[in-house]
J.: 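Got a structure here, written out as structure tokens. Questions coming.
All values below were derived from every heavy atom in this structure, side-chain atoms included, with hydrogens, water molecules and symmetry-related copies excluded. Everything numeric in this text was worked out from a predicted model, so none of it was measured.
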Amino acid sequence: MTKNPGPGGKVEPSTSRGAGRPPLPLERIIAVAVQIVEEEGAEALSMRSLAQRLGSGTATLYRHFGGRAALVAHVVDQMFAGVDPIPKDLAASGWEPACRAIARTMFDTLSRHRRVARLLMEQVPLGPHAMALREQCLAVLLGNGFSPRTAARAYATLARYVLGFAVQLDDDPGRGEDTAAAVFGKVDPASFPATALVASSLPTPLEDEFAFGLDLLLAGLRESRETR
């Protein structure tokens with residue numbers, strides 16, 4: 001039985017049990033919570049909705065979690081469990097390929113679970129899987145000449161960049177792009193000359209934007225590291 005993740009992302013054991021129905025396995029509870037978010041969205045997840053889906057009472061859930069925030073922490077960390085750590089040989093090859101690999105694997109995972117990823121907007125991820133990923137990236141940056149302050153900001157920026165793109169992905173990515181392309185194709189050159197000039201390249205597919213922006217972000221980090 002667990003409660004809120006403590007400092008360092010550790011999940012501390014609960015010290016008390018309330019009366020009520022027999023406790024449910026934590027793995028079962030988290031799996032159903034993830035299912036609710038994937039099917040109905042982050043706003044649908046509550047202690048009450050989860051208890052109803054489990055056919056249980058909220059008292060049973062409070063044996064595991066102090067409240068919704070603790071539940072969200074576990075759900076988010078379950079998602080981070082799907083982010084593969086970068087291989088040691090890649091980490092040893094330099095900070096840039098390592099950070100690129102971390103960003104790509106985070107993007108792939110958050111994209112597959114973008115409704116769960118929206119929960120990251122509610123709190124900083126401090127579960128064991130999220131902590132392990134953060135530790136790996138920070139170790140690479142610190143080991144390659146970044147100051148502690150710059151390394152911390154670099155990881156935070158990289159993580160937020162990935163999240164921002166991942167949650168924007170649509171189940172039907174071509175739908176909005178087709179509409180935008182039709183509008184850009186008919187833009188009046190007299191009113192919007194610059195837009196008309198680049199209209200054939202608009203809109204840029206989201207994944208192309210992600211790759212382009214990631215290059216710029218890493219280039220900026222390279223410049224920051226070289227000037228310190």
Side-chain angles (χ1 to χ4, degrees), residues 2-14 26-27 30-31 33-34 37 42 64-66 69-114 116-167 210-211 213-228:
T2 60
K3 62 179 183 178
N4 285 355
K10 293 183 179 180
V11 177
E12 304 292 345
S14 176
L26 179 61
E27 294 76 12
I30 299 304
V34 170
V37 177
H64 290 280
F65 315 105
L71 171 62
V72 166
H74 280 78
V75 170
V76 165
D77 203 60
Q78 181 63 33
M79 176 183 64
F80 272 100
V83 180
D84 295 327
I86 59 174
K88 291 183 178 180
D89 59 339
L90 184 57
S93 66
W95 70 268
E96 196 163 343
C99 285
R100 186 182 298 279
I102 288 174
R104 292 299 323 188
T105 189
M106 284 180 63
F107 180 70
D108 291 342
T109 300
L110 270 61
S111 297
R112 290 195 302 271
H113 305 286
R114 53 191 175 278
V116 177
R118 289 182 181 276
L119 292 170
L120 285 168
M121 298 176 183
E122 298 185 18
Q123 58 182 245
V124 176
L126 297 174
H129 295 102
M131 290 293 292
L133 179 66
R134 184 185 290 105
E135 173 68 17
Q136 185 179 37
C137 188
L138 289 174
V140 168
L141 292 168
L142 292 170
N144 283 271
F146 285 83
S147 69
R149 182 171 181 269
T150 303
R153 292 188 173 192
Y155 177 77
T157 301
L158 190 68
R160 291 185 187 278
Y161 175 80
V162 171
L163 174 63
F165 271 88
V167 299
F210 173 79
L214 182 58
D215 286 342
L216 294 180
L217 196 159
L218 294 176
L221 288 178
R222 189 187 316 121
E223 179 67 21
S224 175
R225 174 177 174 272
E226 291 173 351
T227 56
R228 291 177 184 271

J.: Side-chain contact test, heavy atoms from C-beta onward, threshold under 4.5 Å: evaluate it for Leu110 versus Val167 and give yes or no.
T.: no

J.: Kindly give the heavy-atom pair with the smallest separation between Leu141 and Ala154, and that separation in Å.
T.: CD1-CB, 3.9 Å

J.: Where the side chain of Arg134 meets the backbone of Pro125, is there a donor-acceptor pair that is under 3.5 Å apart?
T.: yes

J.: Indicate the atoms forming the closest heavy-atom contact of Ala103 with Leu158, along with that distance.
T.: CB-CD1, 4.0 Å

J.: Return the set of residues passing side chain to side chain contact (heavy atoms under 4.5 Å, CB included) with Thr157 (not counting sequence neighbours), or none when no residue passes.
T.: Leu217

J.: Looking at Ala42 and Arg118, what are the two nearest heavy atoms and their distance?
T.: CB-CB, 4.5 Å

J.: Between CG of Leu26 and CZ of Phe65, what distance do you get to the nearest 0.5 Å?
T.: 5.0 Å

J.: So which heavy atom on Val140 is nearest to which on Ala98, and how close?
T.: CG1-CB, 3.8 Å

J.: What ring pair (Phe, Tyr, Trp, His ring centres under 6.0 Å) pairs are there with at least one residue in residues 141-167, not counting sequence neighbours?
T.: Trp95-Phe146, Tyr161-Phe165, Tyr161-Phe210, Phe165-Phe210

J.: Excluding sequence neighbours, so at least two apart, what forms side chain to side chain contact (heavy atoms under 4.5 Å, CB included) with Pro85?
T.: Gln136

J.: Could you note down all residue pairs passing side-chain hydrogen bond (donor to acceptor under 3.5 Å, both in side chains) where residues 83-94 supplies at least one of them, sequence neighbours left out?
T.: none

J.: Could you give me the CA-CA distance, side-chain angles and deciding distance for Leu221 and Cys99, then say whether side chain to side chain contact (heavy atoms under 4.5 Å, CB included) is met?
T.: CA-CA 10 Å; Leu221 288 178; Cys99 285; 5.5 Å; no

J.: Filter on salt bridge (Lys or Arg N to Asp or Glu O under 4.0 Å), then keep only pairs touching residues 153-162, sequence neighbours left out; what's left?
T.: none

J.: Taking it one step at a time, do Gln123 and Val76 satisfy side chain to side chain contact (heavy atoms under 4.5 Å, CB included)?
T.: CA-CA 10 Å; Gln123 58 182 245; Val76 165; 5.7 Å; no

J.: Could you report the tightest heavy-atom contact between Met131 and Leu126, atom names first, then the distance?
T.: CG-O, 3.4 Å

J.: Kindly give the heavy-atom pair with the smallest separation between Val37 and Leu119, and that separation in Å.
T.: CG2-CD1, 4.2 Å

J.: Under the ring pair (Phe, Tyr, Trp, His ring centres under 6.0 Å) definition, can you give me all pairs with a residue in residues 118-141, not counting sequence neighbours?
T.: none

J.: Output every pair passing salt bridge (Lys or Arg N to Asp or Glu O under 4.0 Å) with a member in residues 90-108, not counting sequence neighbours, ordered by first then second residue.
T.: Glu96-Arg222, Arg100-Asp215

J.: Under a 3.5 Å distance rule, please check whether Ser111 uses its side chain to pair with a backbone N or O of Phe107 as donor and acceptor.
T.: yes

J.: To the closest 0.5 Å, what do you measure between OG1 (Thr105) and CD1 (Ile86)?
T.: 10.0 Å

J.: List the residues meeting side chain to side chain contact (heavy atoms under 4.5 Å, CB included) with Ala33, not counting sequence neighbours, and say none if there are none.
T.: Leu45, Leu50, Leu71, Val75

J.: Who pairs with Glu122 by side chain to side chain donor-acceptor pair (under 3.5 Å), at least two apart in sequence or on another chain?
T.: Arg68

